[in-house]
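Structure first, then comments.
By convention in this document, chain letters (A, B, ...) are assigned in the order of the sequence lines, proteins followed by strands, and residues within each chain are numbered from 1. In what follows, every heavy atom counts, from backbone to side chain, and hydrogens, waters and symmetry copies are set aside.
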There are 2 protein chains.
Amino acid sequence: MNGADSLVETFLAGGVNVCFANPGTSEMHFVAALDRNPEMRCVLGLFEGGVTGAADAYHRMTGRPAATLLHLAPGFGNGYASVHNARKARSAMINVVGEHASHHLRYDAPLRGDIESVARGVSHWWRVSADARAVATDGAEAIRAARAGNGRIATLILPADTAWEAAEAAAPMLPPVRLHRPRPDQVRAAAEALREAGAALFVNGPVLHGAFARKAGAIARRTGCRLVTDLFVPRIERGAGAVAIECLRYPVLENVAILRDVRHMVLLGAGEPVAFFAYPDRPSTPTPAGCRILDLCDPEMDIGWTLDALAEETGAAGAEPETLPLDLPPPPAGPLTPTAVGQAMAALMPEGAILCAEAITAGQPIADATRCARRHDWLANPGGAIGAALPLAVGAAVACPGRKVIAPTGDGSAMYTLQSLWTMARERLDVTVVVLANRGYRILRGELASLGVAEVGRNAARMLDVDDPELDWVALAAGHGVPGRRVEDAEGFLDAFREAMATPGPRLIEARLVEARLTGAA
Amino acid sequence: MNGADSLVETFLAGGVNVCFANPGTSEMHFVAALDRNPEMRCVLGLFEGGVTGAADAYHRMTGRPAATLLHLAPGFGNGYASVHNARKARSAMINVVGEHASHHLRYDAPLRGDIESVARGVSHWWRVSADARAVATDGAEAIRAARAGNGRIATLILPADTAWEAAEAAAPMLPPVRLHRPRPDQVRAAAEALREAGAALFVNGPVLHGAFARKAGAIARRTGCRLVTDLFVPRIERGAGAVAIECLRYPVLENVAILRDVRHMVLLGAGEPVAFFAYPDRPSTPTPAGCRILDLCDPEMDIGWTLDALAEETGAAGAEPETLPLDLPPPPAGPLTPTAVGQAMAALMPEGAILCAEAITAGQPIADATRCARRHDWLANPGGAIGAALPLAVGAAVACPGRKVIAPTGDGSAMYTLQSLWTMARERLDVTVVVLANRGYRILRGELASLGVAEVGRNAARMLDVDDPELDWVALAAGHGVPGRRVEDAEGFLDAFREAMATPGPRLIEARLVEARLTGAA
C-alpha cells in the first residue's frame with residue numbers, strides 16, 4: 001500500500017466514510033486509493049466552497065466529521081469561506097490538501113503557494129506529513145483533532161510523494177481528547193443564578209436539538225429562567241413539540257431590548273452574545289451593563305455532563321420543557337413577500353424537513369412564519385460568509401437521505417456557490433432550493449442607511465443592486481441540471497412549493513419578491 | 001473627510017482609478033466615499049475570485065494597478081486563488097479589505113477571522129491601518145508597494161472605524177522603489193554566453209510584448225541565440241509581425257526534448273523553467289544537466305535597463321528581430337476538435353484581439369493554430385489556479401475598450417468563476433467566451449494515466465467526469481444575462497464565432513468537442 005491507501009483506510013477505520021472532493025493533479029494518488037476503497041462515498045463539487053460547506057452540514061446533521069479533498073493553496077483558498085463558517089458552527093471537518101512533492105517545493109512552480117499560511121488562520125489543527133509512513137498516523141491524529149472540543153477544523157497537508165510512496169498500514173483510532181468540565185461550585189452558582197429574577201440560560205451548539213435541548217428546557221421550566229440562543233445557530237430543532245427557545249435578532253438595538261431585563265446570564269455551550277457588526281454609535285454587545293455573566297460551560301467543554309449536573313442541581317429531572325405548538329398559518333395569497341414564502345413553507349413542509357437558511361433580509365420573516373410548523377431542523381450560518389445555503393443543503397442531504405432539505409437563500413448569497421446545484425443533480429439529492437430574488441444585496445442598503453447615508457449615488461447603487469441584468473435563476477438551475485420554476489405571487493409559490501414537496505430530487509424555485517421594505521438593518 | 005474619503009482620493013491622485021469590488025457591511029463607508037468620487041470606476045463582481053482576477057488582467061494590459069474591495073477574511077479567501085495567479089503573473093494589485101471596527105475585534109463576531117494570515121501568504125506587502133488619519137499614507141504606501149519590483153500584491157486591511165472616523169487629507173504619491181540592475185560584468189558575461197553555440201535567452205513578463213520584445217528579438221538575431229519563454233505567461237504578443245518567441249509545453253518530457261541542446265541559458269525577466277508538477281520518475285526541471293544558467297535579471301529587477309545594456313553589449317541596435325508571418329489556416333470543417341476551434345479563431349479574430357486562455361487540454365492546439373493569426377495578445381494563467389479565463393477577460397475588457405476580448409476556457413475551469421459572466425453583461429464588455437466542453441477534468445485523466453493507472457474505477461471516474469448531468473452553458477450564460485449558442489461541429493463554430501466577432505458585447509459559445517484524445521499529460 002502507498003501513503004494514500006493508508007490514509008483512506010485509516011479514515012474508514014475511524015468512521016470517516018464520506019469525502020467531499022474537488023481534486024487536482026497533486027491528489028491523483030488519493031483518488032486512485034479511493035478506487036481501491038469503494039466504501040468511501042465520494043461526492044464531487046465543482047467549486048471548493050461547495051465542498052467544505054457540505055462537510056460542515058454533514059457534521060451538523062450526523063455529529064461525525066467528513067473528509068474534504070482539496071488541491072493546493074488555491075483550492076484551500078476557494079474553500080476558505082465555508083471552512084470559516086464551519087469553524088464558527090463548531091463543526092468537525094478533516095481537510096486533506098494535496099501539496100507538491102517534497103523535492104519539487106524548492107522550485108517556484110505555478111501552483112506553489114503557502115498552504116500553511118492560508119490553512120493556519122482557520123484550522124484548529126494542521127500538519128504537513130513528513131513522509132509516506134507518517135501519513136496514516138497523521139490521519140488518525142487529524143480525526144482525533146477534528147473530534148476534540150465538540151468539533152474542530154483539522155487540515156492535513158499531503159506532499160504528493162507522501163501519497164505515492166510505500167506505507168505500512170492503516171493507523172488505529174486514537175482515544176478521544178477528554179472534554180473539560182466545570183467545577184461543582186460553578187454548577188451550584190449557575191443553578192442559584194438561574195433561580196433569580198431576570199435569569200437567562202444562554203445556549204448554543206448541541207444544546208439546541210435532541211436530548212440536550214430537552215434537558216435545557218427542563219432546567220428552564222424548573223428554575224423559571226428564560227432559555228435564549230443566538231440568531232445564526234448551527235442547528236436548532238423547531239416546530240411542533242420542539243423545545244421553545246427564544247432567538248436573538250439581527251439588529252443590535254432589538255437585541256438590547258430583548259435582553260433588557262436580564263440580570264443573570266448563564267452561558268452553556270455558548271459564547272457571550274455579540275453584535276454581528278459594530279456601528280459608530282451602537283454597542284458591540286446587547287447584554288445590559290448590570291448583567292452578571294456566568295461562563296459555566298464554553299462550547300468546547302463537556303456539554304452533556306454539564307447539562308446533567310445542572311439538571312440535578314436544579315432538580316429538573318422529570319420537569320417537562322415548554323415546547324412549541326403546531327400552528328400552521330393559513331395559505332398565503334397575493335403579493336409574494338418573505339412572510340408569504342414562510343407561510344407557504346410552514347403550511348406544506350413535511351415532518352423532518354431540514355432547512356438550510358441564508359436569506360439575510362428575508363430570513364427573519366421566514367424563520368418567524370415556520371417556527372411552529374411541523375417538526376424540523378433549521379441550519380443557519382454562524383460564520384456570516386455568504387454562499388452557505390446551497391453547500392449546506394448538499395451536506396445535509398448526503399447526511400440524511402429520506403429527509404426533505406429546503407434551502408431558502410437570497411439571490412446575492414446563492415451566487416457565491418451556485419455550483420452546488422450541479423452536485424445536487426449529480427447525487428440526486430432531495431433538495432428544494434428557494435431563491436428569494438430581491439435583485440440586490442438588500443442587507444447592504446439597510447447597512448448604508450444605518451450609517452446615515454440617505455441618498456445612494458451611482459457608484460454605490462452599482463455596488464448594491466444586482467438588477468442589470470437580472471439573474472435568471474431558472475436558467476442557472478437548468479444549466480446545472482436542476483429543474484426550476486419562477487413564481488411571482490403567493491399562489492404561484494404555494495403551487496410550486498407543493499409540487500416540490502411532493503417530488504423527490506433537486507429543484508429550484510425562483511421566488512421573485514415584491515420590493516423589500518427597507519428597514520435599517522442594525 | 002473621513003478615512004475612506006482620504007483613501008479614495010489618494011488612489012485617484014496616484015493613478016488608481018478602477019476598483020473591482022465585492023463589498024459588504026464593513027466596506028460601506030468606502031462605498032459611500034466612492035459616491036463622492038465618481039471619477040473612480042467601480043466594477044461589481046458577484047464573487048471575489050472574479051474581482052481579483054479582473055484586477056490581474058487590468059494590470060497586465062495597462063501596466064497600472066487596479067484596486068479591489070473585499071469583505072473581511074472570507075472575502076479575501078474567495079479572492080485568494082486569483083490573487084495567487086496575479087502574484088505568479090507578477091501583476092500589481094491593491095487589495096482593500098474591510099475589517100471589523102477596532103473595538104469590535106475583541107469579540108468573536110460571526111465574521112471575525114484572521115485576515116492577516118490569509119492575506120500574508122499571498123501578498124508581498126500588507127498592513128492593518130491603525131487609525132483614520134493613517135489611512136491615506138497607508139494607501140500611498142500600498143500603491144508604491146504594488147508598483148515595486150515590476151508588480152506586486154499589496155493588501156491594506158481597513159478596520160471599519162478607520163474608514164468612518166475623521167481624516168485630514170489625501171496623501172501624495174510616493175517616489176517609486178528603485179529597481180536593481182545587474183552589474184556590467186554580468187551583462188558582459190551574458191552577452192558572451194549568448195554568442196556561444198547552444199545559447200538561449202529565456203525571457204518572461206514584460207519582455208514578451210511591445211518594445212521590450214523587439215529588443216530581445218534584436219539581441220537574439222544579432223547573437224544567434226534562441227529566444228524562449230514559458231508555457232503559461234502573463235501576456236505575450238503573437239500573430240503577424242510579433243517577435244518570434246519559442247514557448248515551452250506542458251509535458252515535462254517534451255520540454256526536456258525542446259531544451260536538450262541548450263548549453264548556456266540567460267534568464268532575463270524570468271525564473272528558471274520548472275515542471276508544472278512533479279512525478280515519481282520525471283525531473284522537476286527540463287534544463288539539461290550540463291547547461292550553465294546565468295541569472296542576469298530576475299523578474300523584479302530593471303528589465304528595460306538590462307535589455308538596453310545587453311543590446312549595446314551585443315551590438316544589437318538596428319538588428320531586426322525575427323517576426324511571425326501572417327499564416328491564416330483554411331476554415332475548418334467536420335468534427336469539432338480543439339484544432340478546429342483554433343483554426344476558426346485564427347481565421348476570424350480581428351487585429352488587436354486579446355485572448356484570455358485557460359483551456360488545459362485543449363489549449364495547446366488552439367495556441368498552435370492561432371500563433372500566426374492577426375496580431376493579438378495572449379494572456380495565460382501563470383498561477384495554475386483554474387477559473388482564470390473569465391475574470392481575466394473582464395479585466396482586459398475594462399482595460400482596453402475597443403479591443404475584442406476572446407476567452408477560450410475549459411468547462412471544468414470556467415465553473416470556478418462563472419459569475420464573471422454577469423459582470424460582462426452588466427458592463428457591456430466586448431467579450432466572447434468560448435467554452436471548450438469536454439464534460440470533465442480531461443487533464444486529470446491524463447495525469448492519472450501518467451501515474452500508471454490504466455483502469456479508472458467508479459470512485460475515480462466520478463471525481464474526473466462532469467457528464468452526469470452535463471452542464472448547459474447556453475443556459476448558464478442566459479442566467480447571467482449573456483446570450484449564448486451551442487455548436488457541435490466546425491461549421492457551426494465558424495458561424496457562431498463569425499457572428500460573435502461581428503457583434504459587440506458579451507456572448508458565449510459552447511463548443512461541444514468530440515471526445516478528446518487522451519494523451520499522457522506529463
B/E447 side chain to A/M28 backbone, donor-acceptor under 3.5 Å | no
Proximity breakdown for B/A275 and chain A, heavy-atom pairs closer than 4.5 Å | both
Might you point out which heavy atoms bring A/A81 and B/P74 nearest each other, and give the distance in Å?
-> CB-CB, 3.9 Å
Can you label the angle between the B/F277 ring and the A/H71 ring as parallel, tilted or perpendicular, going by 30° and 60°?
-> tilted
Please, which pairs that meet salt bridge (charged side-chain N to carboxylate O under 4.0 Å, His left out) have at least one residue in residues 100-110 of chain A, sequence neighbours excluded?
-> A/D108-B/K88
So what's closer than 4.5 Å to chain A heavy atoms on B/F276: side chain, backbone, both or neither?
-> both
Choice from B/R87, B/H84, B/R36, B/H104 maximising heavy atom contacts with chain A below 4.5 Å | B/H104
By a 4.5 Å heavy-atom criterion (distance strictly below it), what part of B/H29 contacts chain A: side chain, backbone, both, or neither?
-> both
Taking B/L46 as the fixed residue, which of A/V466, A/L418, A/D411 is the one that meets the side chain to side chain contact (heavy atoms under 4.5 Å, CB included) rule?
-> A/V466
Could you look at B/E116 and say if it's the side chain, the backbone, both or neither that has a heavy atom under 4.5 Å from chain A?
-> neither
Given a strict heavy-atom distance threshold of 4.5 Å, which part of B/H480 is in contact with chain A: side chain, backbone, both, or neither?
-> both
Salt bridge or not for A/D468 and B/R428, using N-O below 4.0 Å?
-> yes
Below 4.5 Å from any heavy atom of chain A, which atoms of B/L69 appear? Answer side chain, backbone, both or neither.
-> neither
Side chain to side chain donor-acceptor pair (under 3.5 Å): which pairs involve residues 74-83 of chain B, sequence neighbours left out?
-> B/E48-B/N78
B/W164 versus chain A, heavy atoms under 4.5 Å apart: side chain, backbone, both or neither?
-> side chain
Is chain A contacted by the side chain of B/R458, its backbone, both, or neither, given a heavy-atom distance below 4.5 Å?
-> backbone
Please state whether the side chain, the backbone, both or neither of B/A73 comes within less than 4.5 Å of a heavy atom of chain A.
-> both
Relative to chain A, which segment of B/A160 carries a heavy atom at a distance below 4.5 Å: side chain, backbone, both, or neither?
-> neither
Say whether, by atom type as modelled, one donor and one acceptor occur between the side chain of A/D35 and the main chain of B/A460 under 3.5 angstrom.
-> yes
Identify which part of B/P382 has an atom lying under 4.5 Å from any heavy atom of chain A, answering side chain, backbone, both or neither.
-> backbone
Evaluation steps, side chain to side chain donor-acceptor pair (under 3.5 Å), between B/Y416 and A/N22 | CA-CA 11 Å; B/Y416 288 78; A/N22 185 260; 2.6 Å; yes
